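One structure is given here, and the rest of the page talks about it.
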Amino acid sequence: MDIDSQFSTVLGRTSIFIGTRSSPNTPAMAQNIILHLDYDCFYASVFEVEQPALRSLPLAVQQKQIVVTCNYEARRRGLHKLQLIKDAKRICPDVVIVLGEDLTKFRNASKELYLLVRALVWGGRVEKLGFDELFLDVTEMIDYNVEMLNPNDLAHSFFHLDRQDPTEGFIYDASQFCGSTFPVTEVAPATPDLSSLGMRLLVASHLQGHIRSKLEHQIGFTATGGISTSKLLAKLVGSVHKPNGQTTLLPPYESTPEEDSNVLKFLDEHEIRKIPGIGSRMAQKLRTHLTGKEDSDEKVTVRDVRLFPGMGPASLEKILGGPGSAKGIGSKMWNVLHGVDTSEILEGRDLPTQISIEDSYGRLDTLEAVRRELVVLSRSLIRRMRTDLVDETSRWRAHPRTLRLSTRPRPPPGSETGRTYQSNRISRSVPLPGFVFHLEEHVDALAERLVQESVLSMFRRLHPDKSWNLSLLNLAVTNLVESAGEQQSRDIGKMFQQQVEAEVDVSDEWDDEPLASLDCVLCGYPIPLFAIEAHQMYHAQ
DNA sequence: ACGATATAG
DNA sequence: TGTTCTATATCGT
């Protein structure tokens, strides 16, 4: 017998845990409760909040030649995302068009919404996905509030948003769900089981309703919500009632020999491409495997894949594996097809891992034009580095170490388009020179120097030929190293390493030699130990 | 670290 | 289909 008992202190109570880790004796860990929030037509909403008169008009946000998004009034009149501007004007001549190529205000609005929601969620367990989506792990809030329920008067319940202040919260009716459910609402049980998953999801649906109503009435953004036990299910079920709605995926979550769970019933009807994590590439591989045809546009659902003869983790690994795909993809996707997703909510970082600026062009085939555009991009990039990486006391919170230039060559006329989709971007990178961190210099001067001394050399490596035509330029800084003193004391194990870094990384004068590493005798660049072999190959060519 | 691929909104 | 302007994760080297 390998029974293992231990004491753990949670919320000021001491409880005894008896059982073994990863043995059949271990009681199943209570499932997490996850909310998904998706702001409705986010870019359009930012303009509507700025200018409320736009709310009643058909509104489209333009980037280059296309409508990137539009409000629901515009959709009622036949407009949709990613439509050509000229088509939009023809279909709806009185559409109001606003320019959305500068993302600054979307980024700012997104951050404001994120901070507002994060302030509500215990432990700050909020993950941002793009500008307009959030995942919330509200397990602790829900379990606390389920415990606080009075089973004799569920209709007059109070949701506690603060453990310390019992007046902080809102009243709600815990005898029914807030918003919609999948499947559509059955009759509520007369004596609900307060410890059930269903009750926890019901309480979570009211928290979701509260958050959405706060977002709408305090700052004017409507959002669509999903309530379930994982990021996968919360996101998928949320999209059932759009816009400005919410949906809870009801139990049972476990199938029986007699009947599929609601998870399977819900997932099975979805086209595979709709499943988060299955992009166009994997969807095509699965369609090809099931239909036997290279270019098949037949609808293939989760059920079709799940029940296909021979299907399983091993088969999926063979179908989906290959260059570029993650290892273990087969079992991961087999889990996904059964609604099993154990991925954690990743709390928002303090710092981005990269900053990039890009623009696209109808024609870009002279070096002078390219140089001009690279200076424009460099200016934006340095400004963004300053707004995102410099703190209130004018100190760099982090130093990017790498500068990368990407281009997208225009496909030669007459080449096949639909065949095999490829990303068609190519890139080169160099160490980011230290002078870009000089805050006293003008952005324009720094941008000129950066293009002259770093960017053009990458461009020549990308396009040594005389003839080219580019449809896109992208400039990025990556490989950010936090400044000493910026990082919190996280755990004891990291303290030593921080101290070593602090000695090497002279905290205020970074300057032209970014890192103390092994400097290459040929080119002078600092090379990390594991990359020395690759770097020698570079010189050997 | 580099350069590419895949996925996401 | 890709059109836009990003961002993250992961692969082989």
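Keep in mind that the numbers below use all heavy atoms, side chains included, and drop hydrogens, waters and symmetry copies. Residue numbers start from 1 in every chain, and the chains themselves are labelled A, B, ... in the order their sequence lines are given, proteins ahead of strands. Everything quoted here is computed from the prediction, not taken from an experiment.
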Of the options C/dT6, B/dT7, C/dT4, whose atoms approach the side-chain atoms of A/Gln63 most closely? C/dT4

Tell me whether A/Lys235 is salt-bridged to A/Glu133, with the criterion being a basic N under 4.0 Å from an acidic carboxylate O. yes

Could you tell me which residues satisfy side-chain hydrogen bond (donor to acceptor under 3.5 Å, both in side chains) with A/Thr224, sequence neighbours excluded, listed by chain and number? A/Asp40

Looking only at side-chain atoms of A/Pro276, point me to the closest of B/dA8, C/dT6, B/dT7. B/dA8

Give a yes/no on whether any side-chain N or O of A/Ser360 is located under 4.0 angstrom from OP1 or OP2 of C/dT4. yes

So if I take every side-chain heavy atom of A/Arg384 and compare against C/dA7, C/dC5, B/dT7, which nucleotide ends up nearest? C/dA7

Can you identify which nucleotide, out of C/dT4, B/dA8, B/dA4, has its nearest atom closest to the A/Lys235 side chain? B/dA8

Under the ring-ring contact (aromatic ring centres under 6.0 Å, His included) test, which residues partner A/Tyr114, sequence neighbours left out? none

Quick check on contacts: within residues 85-104 of chain A, what sits under 4.0 Å from DNA chain C by heavy-atom distance? A/Glu101, A/Leu103

Measure from the side-chain heavy atoms of A/Arg281 and tell me the nearest of B/dC2, B/dA6, C/dT3. B/dA6

Is A/Arg107 positioned over the aromatic face of A/Phe131, cation under 6.0 angstrom from the ring centre and no more than 45 degrees off axis? no

For A/His241, all residues meeting ring-ring contact (aromatic ring centres under 6.0 Å, His included), sequence neighbours excluded: none

So if I take every side-chain heavy atom of A/Ser280 and compare against C/dT6, B/dT7, C/dA9, which nucleotide ends up nearest? B/dT7

With sequence neighbours excluded, residues passing side-chain hydrogen bond (donor to acceptor under 3.5 Å, both in side chains) with A/Asn108: none

Taking C/dC5, C/dT3, C/dT8 as options, the one with an atom nearest any side-chain atom of A/Arg349 is C/dT8

With a 4.0 Å cut-off on heavy atoms, is A/Ile426 in touch with a base, just the backbone sugar-phosphate, or nothing at all? sugar-phosphate

Can you tell me, in whole Å, how much space there is between the P of C/dT1 and that of B/dA6? 15 Å

Classify A/Ile275 by what it touches in the nucleic acid, base, sugar-phosphate, or nothing, heavy-atom distance under 4.0 Å. sugar-phosphate

A/Asn474 near the nucleic acid: base, sugar-phosphate alone, or nothing, with a heavy-atom cut-off under 4.0 Å? nothing

Hey, is the side chain of A/Arg273 poking within less than 4.0 Å of OP1 or OP2 on B/dA6, counting only N and O atoms? no

Proximal nucleotide (of C/dA9, B/dC2, C/dT4) relative to the A/Ser429 side chain: B/dC2

Given C/dT4, C/dA7, B/dG9, the nucleotide with the shortest approach to the side chain of A/Val68: C/dT4

Among the nucleotides C/dT8, B/dT7, B/dG9, which one has an atom lying closest to any side-chain atom of A/Thr353? C/dT8

Between A/Arg404 and A/Gln83, just flag the one whose closest nucleotide in DNA chain C comes earlier from the 5' side. A/Gln83

Going by the ring-ring contact (aromatic ring centres under 6.0 Å, His included) test, which pairs reach into residues 269-304 of chain A, not counting sequence neighbours? A/Phe266-A/His270, A/His289-A/Phe308

